[in-house]
Amino acid sequence: MHLDIEGIPVLFPFDYVYPEQLAYMRELKYSIENRGHALIEMPCGTGKTVTILSFLIAYKKAHPASLEKIIYCTRTVPELTKVVEELRDLVQYYADNGQHLDLLSMSLSSRQNLCVNPEVMSCGGRIEVDTECRRRTATFARRNAKMSPGGENPSCSYFENLENSTLSAKLPRGIYNLEDIKEFGKEETLCPYFMAREAINLADIVIYSYNYLLDPKISSVVSKSLPRNSIVVFDEAHNIDSVCIKSLSVKITKRTIERAADGLEKLTARVDEFSMSKKEELEDEYDRLVRGLREARQNEDSGLGGPPVLPEDVLTTAIPGSIRKAPIFCKWVKRLLEYCGHRLRIQQAIQESPLSFLRDIEERVCIDRRSLRIAGERLQNLIITLEMVDLTGLKEVNDIINMAALAATYTEGFAILFEAIDERGIPDPRIQLACLDASLVMRPIFRKYQSVLITSGTLSPIEMYPRLLDFQPVVMTSLSLSMARGAICPMIVARGNDQVSLSSKFDEREDPSVLRNYGNLLVEICGVVPDGVVVFFTSYSYLENVVSMWNETGIIEGIQKNKIIFCESSDITETSQALSRYREACDEGRGAVLLSVARGKVSEGIDFSGHYGRAVLVLGIPFIFTQSRILRARLDFLRTKIQVREQEFLVFDAMRQTAQCLGRAIRAKSDYGIMLLADVRFGTPGKYTKLPKWLTDSLSQGSLSLSIEDSIALSKKFLRQMAQPFPRSAQLGISLLDAEQAEQYLRRIKNEAAFAKTI
Amino acid sequence: MDEGGDKHSGYRWEGGYERTWEALREDDTGALISGSSAAKRLFAKKRLAQEAGQRIHIVRHCVLALDLSRSMADPDLRIDRYPNRAGCAVRSLKEFVPKFFASCPLGQLALVILQNKRANIVVPLGGSEARLLKALNDIEVKGFKTGGQCSMVNGIAASKSMLNAVGEHSNREIIFVVGSLNTIDVTSPFATIETVANEGIRCSVVSLSAEVNIWKKLAERTDGKYFVPLDPIDVSDKLEELSRPPVESSSRQGVLVKMGFPQVKAIPTLCDVCKLSLVSAAHLARCYHHLFPPSSVTPSIPEQSGEEIDLELERSQFEKIGPCVGCNYAPISVEEGRQFVVCDKCLNSLCGECDGFIDEHLHSCPGCI
């Protein structure tokens with residue numbers, strides 16, 4: 001259908017459009033026109049991706065100069081594939097309407113997902129594939145292969161072909177998903193991975209995962225030459241701050257040190273070998289290093305990724321003398337490793353600031369801050385000079401150097417933690433460099449690109465994101481869900497039938513009466529809700545405790561009368577097994593209940609559409625594990641530096657996890673589901689108001705503090721109501737608009753906006 | 001409500017929380033309106049209009065499969081002296097049986113009970129209303145005993161064993177009345193669904209609990225209907241809908257059926273020797289109305305479109321309404337006049353009640369005769 005979004009003609013690939021989608025497009029237009037960033041929350045299952053794509057493409061078509069590139073970031077490869085398919089449908093729809101879109105859309109993933117060289121692919125794991133690829137494609141390797149064919153460096157015909165051809169001439173324009181790229185690479189004998197990396201600079205639309213933009217180590221290699229007048233879309237971005245933090249955090253354990261020691265040994269041996277046979281090359285490198293770092297970078301990929309620090313913080317000065325000579329550098333690394341090894345011999349946890357860490361390191365092993373900042377680059381240079389392919393062990397050396405380099409570059413926003421035991425209480429000494437400030441990663445992205453769109457089904461409370469990521473959005477909205485029938489039924493269950501209040505509060509969570517009531521709730525729900533029921537616990541350990549307790553008290557037996565029980569575990573293969581069995585049980589009419597964990601794999605990115613999830617239960621508020629020292633450090637940072645109170649952040653985080661869990665059940669507008677929040681604390685205004693607008697809209701005042709009995713009665717009624725036939729005509733005009741109604745709707749919201757302005 | 005469920009004797013305080021006041025509705029003046037009867041009439045009219053000119057099945061062989069598993073002990077659908085879902089189902093089936101034979105005198109019914117994962121044939125296919133009602137009464141006398149779980153595959157197998165004996169000419173149906181949220185089967189239910197679909201057995205499901213995916217799939221795949229009634233009255237309504245002969249949607253060729261007219265009591269039935277359909281002339285005559293539906297009607301006071309309502313016009317239309325040709329009642333207000341219709345054929349007035357009665361039971365307008 002044709003839509004006119006304030007002067008932009010949009011071709012929308014369906015006959016009907018949701019009101020929220022129109023509102024979304026308006027907001028998006030406003031943000032692009034004002035060259036600003038946007039934060040938009042739109043309910044799950046309302047076609048976010050197609051809305052974004054159809055509007056951005058229409059805008060790009062109307063104003064090619066002001067929007068050069070669309071960069072779409074997804075979290076996972078399956079999500080990436082979904083986006084590409086929606087884009088393909090959209091382009092097809094344009095073609096069906098007689099408009100040919102001359103677009104090039106490129107996707108990018110790791111070598112492991114893209115390589116087509118059979119010899120390389122047979123190696124299996126991600127690291128092995130990377131190593132084998134390097135053995136064939138690194139500059140020196142190709143030089144060696146040319147000089148002595150059949151030697152230790154085989155050549156890769158796919159890569160060689162790519163190097164010898166101009167990609168822009170060869171690559172037909174079109175929509176490429178990962179499979180298409182591989183297919184094309186196979187046909188034309190071009191390396192798909194490097195082709196995709198090169199092609200993203202030519203493409204109109206780039207679709208890849210977060211890391212290619214967020215992780216400075218990767219983005220400095222892959223995404224550095226993307227143009228400023230692009231729009232960056234972060235989809236499902238409710239956890240974007242955690243992703244940012246993770247990309248700058250480093251963890252070092254005893255094992256890392258051991259491996260790094262092996263790597264260093266290898267490096268030293270290689271240096272010795274070179275100083276015997278190829279002395280001049282080492283001297284060459286030395287000379288270059290004297291002249292300066294920038295020049296020394298040979299514009300080559302060492303295979304370890306770029307520097308961990310952000311582009312503007314990379315030093316441009318000459319390499320200090322202490323690490324210039326290769327053998328001396330090796331000794332320098334050895335000192336660093338020994339220092340870390342020494343610090344791992346701890347009995348109790350210590351937290352240090354980067355500054356005190358640096359002082360300590362200087363006092364003990366005479367390593368100064370300046371050389372630390374540059375050591376990463378130095379290592380990469382050396383690896384290139386030494387023509388090293390097998391990077392096992394050296395990756396760990398690089399990690400350790402990166403950690404020190406980060407600490408030396410940023411004195412604020414980081415904490416260094418030394419811990420002797422892990423979260424489960426098992427002795428496992430580790431050093432962790434924890435990034436506390438998510439804005440460090442986002443700031444250069446906000447600066448570089450003219451518009452950044454952060455969107456998800458659950459971004460509430462939305463005011464938190466500008467504070468955490470330190471930016472000023474021009475658009476910040478939470479769109480509500482238009483419904484022709486109340487298809488979601490959120491309820492807060494506060495009490496058992498015996499009036500004991502339900503809570504996962506630390507001192508009450510093991511209370512037998514609370515556990516019994518949680519059990520009763522689940523048994524009763526299983527007796528009322530058909531097909532699939534998904535239950536979220538606050539943590540794995542809580543799940544284990546509760547299930548063993550339920551087993552003793554016969555509650556498990558009660559559940560099994562109606563449903564088969566499946567359990568999520570921290571093991572990924574086990575979980576996907578359980579998931580596929582769960583779906584099977586739902587399909588065959590047996591009915592199933594899935595016990596899973598908030599923040600686990602199931603709560604993020606697994607959809608339970610239709611009968612796979614007729615009810616979602618959240619047992620207790622999923623607060624993050626507050627005893628973790630990293631979290632403590634982050635809370636400290638948030639309190640002192642950006643004035644976010646501890647409680648405020650914890651509630652924000654818990655509620656966004658809750659909303660994610662609840663959103664699992666609703667994946668389309670015709671879908672329906674019961675959402676039970678089983679904790680008395682959810683009923684306090686400070687908590688439930690933090691849920692997304694589309695959820696709170698359906699939460700009636702009467703459902704804020706129910707007993708188990710009441711909630712079951714309401715559930716029964718809701719399920720019967722939802723089972724009534726629901727023809728499309730009932731939705732039309734309310735939650736579903738045809739072309740004419742869409743026009744009316746747009747006119748109305750425009751008038752409303754104008755009216756609001758006059759007030 | 002966990003253990004067995006037989007303990008539920010139906011005390012009000014043991015049951016769920018009800019919002020009885022929500023069923024009441026008011027009109028603009030604040031008076032209570034009985035929405036259901038008017039809505040029902042409208043619905044009947046719509047159905048008649050839809051069926052006009054369509055081919056319908058009046059020879060039906062239908063198996064009633066009643067779930068008496070544990071889930072039927074839930075007291076949420078209790079009504080009058082019927083304490084639970086099972087009671088509610090029996091109550092509605094007792095209404096269903098006579099309606100079925102009234103609208104399809106050539107039809108035959110059987111009753112299968114699904115319990116403890118088994119399916120027991122309680123009444124085999126036959127045309128005896130009394131036998132079915134007795135079987136349903138027996139369930140009531142035994143106190144609506146429920147137990148175990150329900151198996152779709154076994155239910156279908158038992159029903160099929162009876163339906164397979166019937167010729168292609170008949171519309172073969174299974175009507176499930178289930179409360180269970182699942183089905184416990186030894187083999188995959190998908191294969192069973194495929195076989196019944198291929199054999200052209202229509203499966204309709206009345207679910208007393210909620211929309212269950214597999215049962216809905218069964219109904220959709222076999223071209224049957226799927227209902228989830230909201231309350232006990234609705235259960236009867238939905239079953240009533242199923243009691244009416246279904247419309248043939250596919251382009252299946254009609255077949256001529258040989259029939260015999262013997263002087264025995266239990267007809268309609270099949271001849272034990274040659275499988276000839278045995279009927280009586282009265283049965284055939286009672287099917288007549290399906291071929292000639294009652295004449296169409298138009299409202300005496302047509303609803304006005306637009307925002308302004310012309311009261312003068314309505315008044316004049318009201319004054320033209322004569323007394324009902326059925327009951328001789330004349331409307332006393334415009335409000336009552338709205339319920340009146342005019343028969344398009346004989347141009348006599350009919351009151352709302354009589355109009356509904358004609359559509360449902362009489363099948364011809366008294367003015368036209």
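A quick note: this is a predicted structure, and the numbers were derived from the prediction, not measured. Chain letters run A, B, ... following the sequence lines, proteins first and then strands; every chain starts at 1.
- Looking at A/Y612, there are no atoms closer than 4.5 Å to chain B (heavy atoms on both sides), in backbone or side chain.
- With chain B as the partner, the residue from A/L719, A/V529, A/D531 showing the most heavy-atom pairs under 4.5 Å is A/D531.
- Contact annotation for B/S71: neither backbone nor side-chain heavy atoms come within less than 4.5 Å of a heavy atom of chain A.
- Side-chain N/O atoms of B/S69 and B/K117 include no donor and acceptor closer than 3.5 Å.
- Options A/G591, A/G589, A/A723 differ in how many heavy-atom pairs under 4.5 Å they form with chain B, and the most are formed by A/G589.
- Counted by atom type alone, A/S703 and A/S700 present one or more donor-acceptor pairs between their side chains at under 3.5 Å.
- Among A/H611, A/R720, A/M722, A/E588, the residue making the largest number of heavy-atom pairs under 4.5 Å with chain B is A/R720.
- Side-chain N/O atoms of B/T187 and B/D185 include no donor and acceptor closer than 3.5 Å.
- Heavy-atom distances place no part of B/I193 under 4.5 Å from chain A, backbone and side chain included.
- A salt bridge links B/E240 with B/R244: the closest approach of a Lys/Arg side-chain nitrogen to an acidic carboxylate oxygen falls below 4.0 angstrom.
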>> If you apply the rule ring pair (Phe, Tyr, Trp, His ring centres under 6.0 Å), what do you find for B/W215 with B/F176, and how did you get there?
In response: CA-CA 9 Å; B/W215 291 102; B/F176 285 96; 5.1 Å; yes
